[in-house]
Amino acid sequence: MSQEFEKAFLFTGVNGVGKTTLLKSICEKEPEVFHLFSGSTRFMEKLGLQPGDYESLRRLPEDFKVKEFDDLMLETLRQKRPGVRTVLLVDAHLYNYKQGQMIEGSTNWMGGLDSIFLVSPTFSKGPKNNL
């Protein structure tokens, strides 16, 4: 990524909760302000993998992946500049699971974020009751 930005917000949550859909709609409404950073896509590109090739990604050693993702995020967040007036919306996972076990990741890069939002699923897809 070669775009400077003033603020960086992380949106995280489980797979399929709607993070990417939400962030794409925000970016489409105000593309001059908001820029999407897809953590998974950028990470796979950095590793020389085709985006979406999770099978190849799973075969890589966990400590290698943790270090490489940390490096990617630190490099990206170094592009923050005051007064730029654009916002980076980061779509990424804080935790990774492998065969039911949580894989510890690095949090060194999180100090460069302005906020973290947890996106969670709604329990009802129907109309909301007004109470």
Audit row: T76, V90, side chain to side chain contact (heavy atoms under 4.5 Å, CB included) steps and yes/no: CA-CA 10 Å; T76 299; V90 179; over 6 Å; no

K19 side chain to G13 backbone, donor-acceptor under 3.5 Å: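 It does hold such a pair.
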
Exam field: side chain H93 to backbone T12, donor-acceptor pair closer than 3.5 Å: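 Looks like no, no N/O pair under 3.5 Å.
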
From [X] atom [atom1] to [Y] atom [atom2], the distance as rounded to the nearest 0.5 Å:
X	Y	atom1	atom2	value
S40	E45	OG	CD	11.0 Å
L89	F5	CG	CZ	10.5 Å
I26	F11	CD1	CZ	5.0 Å

K67/D71 salt bridge by N-O under 4.0 Å criterion: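 Yes, this pair counts.
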
Pair E75 + R78: basic N to acidic O under 4.0 Å: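 No.
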
Give the cluster check for [X] versus [Y]: same hydrophobic cluster or not, with ILVMFWY residues linked at side-chain heavy-atom distances below 4.5 Å.
X	Y	result
V33	L22	yes
V14	L23	yes
F69	L74	yes

Side chain to side chain contact (heavy atoms under 4.5 Å, CB included) evaluation trace for K29 with F34: CA-CA 9 Å; K29 288 179 182 168; F34 297 104; over 6 Å; no

With a cut-off of 3.5 Å and sequence neighbours excluded, list every side-chain donor-acceptor pair involving residues 49-56.
| residue | atom | partner | partner atom | Å |
| --- | --- | --- | --- | --- |
| D53 | OD1 | S56 | N | 3.1 |
| D53 | OD1 | S56 | OG | 3.2 |
| D53 | OD2 | S56 | OG | 2.7 |
| S56 | OG | R59 | NH2 | 3.2 |

Check: E68 and L60 side chains under 4.5 Å, non-hydrogen atoms: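 No - every pair of side-chain heavy atoms lies 4.5 Å or more apart.
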
Sequence neighbours excluded, every pair satisfying salt bridge (charged side-chain N to carboxylate O under 4.0 Å, His left out) that has a member inside residues 79-94: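 Non-adjacent pairs meeting salt bridge (charged side-chain N to carboxylate O under 4.0 Å, His left out): E4-R81, K80-D114.
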
Contacts of L113 that satisfy side-chain contact (heavy atoms from CB on, under 4.5 Å) - sequence neighbours left out: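 In terms of side-chain contact (heavy atoms from CB on, under 4.5 Å), with neighbours along the sequence ignored, L113 is linked to A8, L10, L77, W109, M110, I116.
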
Test log, rule side chain to side chain contact (heavy atoms under 4.5 Å, CB included), inputs F37 and Q3: CA-CA 10 Å; F37 182 90; Q3 173 129 14; over 6 Å; no

